[in-house]
Number of protein chains: 2
Amino acid sequence: MPRRADLSDTFCPVGRSAELLGDRAVLLILRDLFFGRRRFEAIVANTGLGPQLVSARLKLMEKEGVVERHAYQARPPRHEYRLTAKGKDLFDVLYAMRNWAERWAYAEGETGTGPAMRYIHRACGTDVGTSTVCPGCGQPLRYGDLKGEPSAALRAEQAARGG
Amino acid sequence: MPRRADLSDTFCPVGRSAELLGDRAVLLILRDLFFGRRRFEAIVANTGLGPQLVSARLKLMEKEGVVERHAYQARPPRHEYRLTAKGKDLFDVLYAMRNWAERWAYAEGETGTGPAMRYIHRACGTDVGTSTVCPGCGQPLRYGDLKGEPSAALRAEQAARGG
DNA sequence: ATAGTAACTATGATAATCATAGTGACAAGA
DNA sequence: TCTTGTCACTATGATTATCATAGTTACTAT
């Protein structure tokens, strides 16, 4: 595509975020990182994206300060990618996307198989459903507060992708 | 680009959301709709996107059920676009993006001009800062609960774009 | 009759993405 | 030693999305 207008320096914070987050690949990679997938090949396999795309986006995300490259062994050189504090702070965005999709998955009167993943608030044991605040204890939900339990369907799908 | 794998039917809700939200244009159009910009030309002017892109994305968003076309006069035919309930429910996502960008705008020790927009909780008058829950009364924040006050810098920027 | 506005569509250039294949550095097993 | 395998990528060519610019349709206003 032609060079589009860059919104990185706009005053509007949504415009600035959209430069990074308005990209399917970035979102999928972030999802995988939040799920604990740190190795390049695992991310490629699970997202279904090409390795060049994953490579390019990880470089961008590193430049933006949301991920960090760590060498976890020297010979042969092997790296993994980890979310930085700035990256972990994107939890609210991904969680909001998850909540929205779960709420509107079967809006047309279809019956679904239930949520892909149930989230339990560690502090009080409540299933948080699709809320931003724990329905049991009223606490706002942050990264690390939740324990995810993937449904059988989700686990099967990920296994099929080799992720 | 070549036809990429479609994730609309994946079990993962983030993957499904990313099909729509992992797109810069969609995000910018949603932002404008949340700010009350409903006319095609106003969205084109403010986002800086080309009219073909805005047209294509509005069609997609209509298909996905997040916006609705309304004729607001018959002769000459004039339309506007409005968020549906499903569209309004994306507030959490956009608000989380806003919060993240405002929190990390000046992370390197720079001094900024403050937030682009201050949000006041209508119910209790508290400036909510960048939290998902009102720091004054503890209520979760939903679409319509907040009154935005754009900074002078943001207003100037939007005026310069003709938005 | 001319100019203006709103909501688009058409065209051609450019750039991003994909599928597929290949590379470099090493480990493990036959 | 030779082959196979793993991880983390890079290279290549085809395809398609996006942009800038211009044009269209259907009216209203002067």
Side-chain angles (χ1 to χ4, degrees), chain A residues 1-8 15 18-29 32-33 36-63 67-82 161-163, chain B residues 1-8 15 18-29 32-33 36-63 67-82 161-163:
Chain A
M1 316 151 196
R3 191 97 236 124
R4 63 186 194 200
D6 183 26
L7 295 180
S8 304
E19 273 315 295
L20 180 68
L21 300 175
D23 183 287
R24 210 175 78 108
V26 167
L27 257 16
L28 295 177
I29 292 170
D32 277 21
L33 291 169
R37 247 171 238 115
R38 302 210 245 238
R39 292 192 350 275
F40 185 87
E41 286 294 304
I43 294 170
V44 169
N46 189 255
T47 57
L49 302 168
Q52 337 81 314
L53 225 201
V54 174
S55 174
R57 287 303 183 276
L58 283 170
K59 280 192 177 69
L60 172 67
M61 291 161 78
E62 202 182 350
K63 193 172 130 256
V67 301
E68 271 174 356
R69 251 168 77 114
H70 282 266
Y72 65 86
Q73 64 178 42
R75 269 182 308 278
R78 288 288 179 274
H79 307 100
E80 61 177 22
Y81 292 89
R82 292 187 199 162
R161 281 197 298 257
Chain B
M1 316 150 194
R3 190 97 236 127
R4 65 188 192 198
D6 182 27
L7 296 180
S8 305
E19 243 4 80
L20 180 67
L21 301 176
D23 183 288
R24 212 174 77 108
V26 167
L27 256 17
L28 295 177
I29 293 170
D32 277 22
L33 291 170
R37 246 171 237 113
R38 302 209 246 238
R39 291 190 352 275
F40 184 87
E41 287 293 304
I43 294 171
V44 168
N46 190 255
T47 58
L49 302 168
Q52 337 79 315
L53 226 202
V54 174
S55 173
R57 288 303 184 273
L58 283 170
K59 279 191 177 70
L60 172 66
M61 292 161 78
E62 201 183 350
K63 192 172 131 256
V67 300
E68 272 174 356
R69 253 168 75 114
H70 281 266
Y72 64 86
Q73 65 179 43
R75 270 181 307 278
R78 288 289 178 271
H79 308 99
E80 62 177 23
Y81 292 89
R82 293 186 198 162
R161 281 197 298 259

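Throughout, protein chains are lettered first and strands after them, A, B, ... in sequence-line order, and every chain is numbered starting at 1. Remember, predicted model here, so these are calculated numbers, not experimental data. Any value given below was found using the heavy atoms of this structure, including those in side chains, with hydrogens, waters and symmetry copies removed.
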Taking only side-chain nitrogens and oxygens of [X], does any of them come within less than 4.0 Å of OP1 or OP2 of [N]?
{"X": "A:R69", "N": "D:dC9", "answer": "yes"}
{"X": "A:K59", "N": "D:dA8", "answer": "no"}
{"X": "B:S55", "N": "C:dT9", "answer": "yes"}

Student check: side-chain heavy atoms of [X] and [Y] closer than 4.5 Å:
{"X": "B:I29", "Y": "B:Y81", "value": "no"}
{"X": "B:L28", "Y": "B:D32", "value": "no"}
{"X": "A:L49", "Y": "A:R57", "value": "no"}

For [X] and [N], what is the distance between atoms [atom1] and [atom2] respectively, to the nearest whole Å?
{"X": "B:Q73", "N": "D:dA26", "atom1": "CD", "atom2": "P", "value": "15 Å"}
{"X": "A:Q52", "N": "C:dA21", "atom1": "CD", "atom2": "C1'", "value": "11 Å"}
{"X": "A:L49", "N": "C:dT20", "atom1": "CG", "atom2": "P", "value": "15 Å"}
{"X": "B:L60", "N": "D:dA17", "atom1": "CG", "atom2": "P", "value": "12 Å"}
{"X": "B:Y72", "N": "D:dT28", "atom1": "OH", "atom2": "C1'", "value": "13 Å"}
{"X": "A:H79", "N": "D:dT6", "atom1": "NE2", "atom2": "C1'", "value": "15 Å"}
{"X": "B:I29", "N": "C:dA7", "atom1": "CD1", "atom2": "C1'", "value": "14 Å"}
{"X": "A:R24", "N": "C:dT17", "atom1": "CZ", "atom2": "C1'", "value": "10 Å"}

To the nearest 0.5 Å, how far apart are OG1 in B:T47 and CG in B:L27? 12.0 Å
Between the protein and nucleotides 24-29 of chain C, which nitrogen or oxygen pairs come in under 3.5 angstrom?
none

Side-chain atoms of B:Y81 come closest, of C:dT20, C:dC8, D:dA8, to C:dC8
Results of side-chain contact (heavy atoms from CB on, under 4.5 Å) for A:Q52 - residues two or more places apart only: none
Test side-chain contact (heavy atoms from CB on, under 4.5 Å) applied to A:E62 - qualifying residues, sequence neighbours left out: A:V67, A:R69
Taking A:E19 for the side chain and A:L7 for the main chain, is one N or O donor matched with an acceptor at less than 3.5 Å? yes
DNA chain D: 5'-proximal contact among B:L53 and A:R39 (nearest heavy atom): A:R39
